[in-house]
Amino acid sequence: MGSQQSAFAVIANLVLGTNENENKEIDIKRLKELKYPANLEEAKRFRLNNSIVDKETDKKLYSVWSTSPESLGKYGVGLELYFLFLKQMIILFCIVAGLSIIPMVINSTGEFIREDESQNGSRYSLANSWSYDQDLLDLYIKNDTKSKNHSVIMNEKDINHILERTEEQYKWVWIADAVITSIFLLGLIVILIVNKIKIHDSELGNDRVSEYAIEVEGLPKENITEEEVKKHFERFGKVYETYLGRSYGDLLYLFKEKAEVKKEIRAQKIFLGISSSFCTDDRKMEKLRQKKTKLNERISILNLKKKHNEFDIYKAYIIFKTKEARKKALWEYRKGIFSSLSNKDPQLKFKNEFQLSVRSCTEPSDIMWENLEINRIEKKSRKCFSITITLIFMALSVGLIFLMRRKKLIDYDSYGCIHMNVDYDRKIWEIKQDKNMTAEMVLCWCRERSTDDWFNPAIFNECKKYALKRLSAGVVNFFICAGIVIVNYSLRLLLTTLSEFERHKSFNIKQTHTLLKIFFAMLFNTVLVPILTHIDWSGQSIGTEVTDQQFGDFEKLWYVKVGSIFSIMMCINVVSPHLIFNFLVLYMKGLYYRTKGYLKFKTQYEINNAFLGPVFVLSTRTSMILTVLFTCFIFSGGIPLLNIIALSALFTIYWTDKFLILRHYRKPPQYSHHIYSWTIKLMPLCALIHCCISLYAYGCPDVFPTGFVNNNYFDPLEMSIEDRIKMDHGKNF
């Protein structure tokens, strides 16, 4: 309880401190580092003291291989839960990915995607539907005089044959997905229970000040004493301490900023190695002095000469002797549904006049004191500005991806070329002489050439345009995926900065808001942007032209054109940014400084900074994991390969982050369980969206047709959303 008293005393002293000597206090240790020359051994000790080490073995580094998440719990339960969650999701996705092999094998036996066209994994998706019978279609196209572009009329026997094949595939795919989803949900429940016990055990026996304290608002702004407030709340139990919070406005924040500026000025003077009278020409020094002047002006406006007791009272902190007294106070002052006090007892009013608002108190170590008195208008304006900047950035992202997609050249696939009714057995000289052959038909003919045919100079020259189109389409597709990944990384940096700008009242609130904002922004950019830029807004039926790039449904070509984007993006996320940037760039840079590059540093301060790793930001890392899990599992019903990619991503993230937290990052702050709690709350949403999309996608008539209009293979019967959910397929299982 003394920590609560100390915390409040520090804040009061900070505001009341008018002694100029107190304002000149700086980090003595840091200034000494600037004065002393660089020493390698001292830098190594500094790095070790600020890294995660095993305190039981004389501060030796933990083993990367054998260190468990429980061992990392000494540095905060949040860090332990992060690695425990990763480990648990790896185990869960080992089962899910193993079961996903079943629908992948089933899909791979289809004939829509040829083996040489399966570079994006489309062959293992619902694009490779059994409703497509290559031999049967070829037979009709060659022999049936009724067959024209977009029209192949089949007899009843062949129609029934296709529907039977379709129903068989639907049955096994549906069963596999139902089992996978059930196991996923069951696994989430087990993980939730296990980690709830872990959180409970970590808090057991660790009494926190916040468990005894309450926060009170609604008191009169002046002419009251701590003793009067204490007496009012002693009806609920013995009060240990009472503190009246004064309204200092932005003084705490301004003093903190001023202290940081003064430290920078002192450090810069020593770093330059000259007296203050010769520092005016230094640009950095000039900027620091201008910033200090502006801060002093803002402080003077707030009338700093007031004494502590002259500031208005805006809240009080009450610390009880027992937890029971705190619970009783919170219960008596509980609020009803419409925010009115459920108990109208006039004795609850302070001095029988002032209606009080009582709530739980945040842990002192978690409070960002300098942000406590941000008024509602400023708080909302900061949030609005943050949201506006984010929306502008995301709109630019959508526009960029849309422009790149428009530049994407078309690769001629099986489904599109079927509509061309091309005789692929014709020779090259027949193709050249046939004046009825359009450019698109020639490209489709080129698509069917074997590897040996491409060594024929005549065929190579004729089909050069097709080869360039295929190559260009692949390159542009890759850059679209890479562009989305880069935008996601930029979003993380932007939203982390904006989170600081919003000035949240506690560290946990800040971390939670950062997690949610980054996650939803990245999910929009990763999932919705590719879908929105490929939607057929005209409302027409299934696209059938070779050049179609817009879709109104989860048809077969959607998995080839759009589904492949998700597969490529998630493959990039297997190694980026944790393996490529964090490990190969940042870690290797730090390793170079610690082995050879340290020779260029002149002061101890410089070499210490070079040896000290960056901060491990739990919220941004967790948001990336959630984005990968959501993107992969949401579309895994139609693209089961994504579950295997998710497993690969989780595996590399776990071991890369584990290595870096033990060998690269500095000692992290004591993260609480709040980020994990939000993470596990969001996971059922992933399963729900997966079920909705799978139900809708399985009802697509282009993938699983229930019949054909006038027996025309290219005109499957349309179904309403209700029909899709009820689907006659699978009625026998």
Side-chain angles (χ1 to χ4, degrees), residues 52 68-90 92 187-188 191-203 206 208 210 360 362-363 365-368 371 386 390 488-489 491-500 502-523 573 577-578 582 614-631 649-650 653-654 656-658 660-661 665-686:
I52 290 182
S68 63
E70 289 76 13
S71 300
L72 299 175
K74 300 174 184 177
Y75 294 89
V77 67
L79 190 65
E80 176 185 356
L81 289 171
Y82 171 79
F83 284 100
L84 188 60
F85 176 73
L86 269 175
K87 195 173 183 179
Q88 291 165 340
M89 293 307 295
I90 289 173
L92 178 58
L188 288 181
I191 290 172
L192 176 62
I193 294 172
V194 170
N195 291 353
K196 277 286 186 182
I197 296 173
K198 178 70 65 177
I199 294 172
H200 179 267
D201 291 343
S202 68
E203 295 181 343
N206 295 327
R208 297 175 297 173
S210 58
S360 299
T362 307
E363 192 69 18
S365 59
D366 184 44
I367 296 174
M368 302 180 76
N371 297 340
S386 177
T390 304
N488 281 343
Y489 182 75
L491 268 175
R492 287 200 295 272
L493 297 178
L494 174 66
L495 291 174
T496 302
T497 303
L498 290 175
S499 182
E500 292 283 349
E502 289 177 9
R503 293 179 61 182
H504 296 287
K505 293 186 176 181
S506 75
F507 180 74
N508 280 323
I509 292 176
K510 173 187 166 185
Q511 288 289 311
T512 302
H513 281 220
T514 304
L515 165 70
L516 296 176
K517 287 177 183 177
I518 293 177
F519 164 63
F520 284 113
M522 289 175 59
L523 190 66
N573 278 320
H578 44 279
N582 294 348
V615 177
F616 182 79
V617 185
L618 191 61
S619 56
T620 57
R621 297 299 300 146
T622 306
S623 63
M624 178 194 166
I625 293 168
L626 282 173
T627 304
V628 171
L629 290 176
F630 267 69
T631 305
L650 291 169
I653 290 172
Y654 176 80
T656 305
D657 280 358
K658 187 178 178 182
L660 293 176
I661 199 71
Y665 291 112
R666 70 181 67 177
K667 190 187 304 180
Q670 290 280 329
Y671 290 113
S672 69
H673 61 83
H674 291 85
I675 290 179
Y676 163 77
S677 298
W678 273 102
T679 302
I680 205 66
K681 286 177 184 176
L682 290 169
M683 290 308 296
L685 180 63
C686 176

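It should be emphasised that the depicted structure is a prediction, and the values quoted were computed from it without experimental measurement. Just so you know, residue 1 is the first one in the sequence shown, and it goes up from there.
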Next on the checklist: If I take atom CG from residue Leu81 and atom CG from residue Leu618, how far apart are they, to the nearest 0.5 angstrom?
Outcome noted: 9.0 Å

Item to check | Straight-line distance of Leu523 CG to Leu682 CG, nearest 0.5 Å | outcome: 10.0 Å

Checklist entry - Quick check: does any side chain N or O of Ser623 sit under 3.5 Å from a backbone N or O of Thr620, one acting as donor and the other as acceptor? => result yes

Next on the checklist: As a test of understanding, state which of Leu629, Ile518, Ile653 forms a side-chain contact (heavy atoms from CB on, under 4.5 Å) with Met624.
Outcome noted: Ile653

Checklist entry - When the ring centroid of Tyr671 is compared with that of Tyr82, is the distance short of 6.0 Å? => result no

Next on the checklist: I want to check something: taking the side chain as every heavy atom from C-beta on, are Ser677 and Asn195 in contact at a cut-off of under 4.5 Å?
Outcome noted: no

Next on the checklist: With a 4.5 Å cut-off on side-chain heavy atoms, are Leu79 and Gln670 touching?
Outcome noted: no

Item to check | Test log, rule side-chain contact (heavy atoms from CB on, under 4.5 Å), inputs Leu84 and Tyr676 | outcome: CA-CA 10 Å; Leu84 188 60; Tyr676 163 77; over 6 Å; no

Checklist outcome for this item: Tested for salt bridge (charged side-chain N to carboxylate O under 4.0 Å, His left out) against Glu80, the lone hit among Lys198, Lys87, Lys658, Lys74 is Lys198

Checklist entry - Are Trp678 and Phe519 close enough that some pair of their side-chain heavy atoms sits under 4.5 Å apart? => result no

Item to check | Straight-line distance of Phe616 CZ to Ile661 CD1, nearest 0.5 Å | outcome: 5.0 Å

Checklist entry - Nearest 0.5 Å, what's the CD1-NE2 distance between Ile509 and His504? => result 8.0 Å

Item to check | Euclidean distance, Lys196 NZ relative to Ile193 CD1, rounded to 0.5 Å | outcome: 11.0 Å

Checklist entry - Can Thr622 and Ser619 be counted as having a side-chain donor-acceptor contact under 3.5 angstrom? => result no

Item to check | Atom pair CG/CD1 of Asn508 and Ile675 - distance to nearest 0.5 Å | outcome: 7.5 Å

Item to check | Worked check of side-chain contact (heavy atoms from CB on, under 4.5 Å) between Val194 and Gln88 | outcome: CA-CA 10 Å; Val194 170; Gln88 291 165 340; 3.8 Å; yes

Item to check | Nearest non-hydrogen partners of Phe85 and Ile680, listed with the distance | outcome: CE1-CD1, 4.1 Å

Next on the checklist: In the structure I gave you, are the side-chain heavy atoms of Lys517 and Leu491 within less than 4.5 Å of one another anywhere?
Outcome noted: no

Checklist outcome for this item: Nearest heavy-atom contact between Asp657 and His578 is OD1-CB, 4.2 Å

Checklist entry - Do Asn582 and Arg621 pass the side-chain contact (heavy atoms from CB on, under 4.5 Å) test, and can you show the C-alpha distance, the side-chain angles, and the key distance before you say yes or no? => result CA-CA 11 Å; Asn582 294 348; Arg621 297 299 300 146; 4.3 Å; yes

Item to check | Pair Lys510-Glu502, salt bridge (charged side-chain N to carboxylate O under 4.0 Å, His left out): steps then yes or no | outcome: CA-CA 9 Å; Lys510 173 187 166 185; Glu502 289 177 9; over 6 Å; no

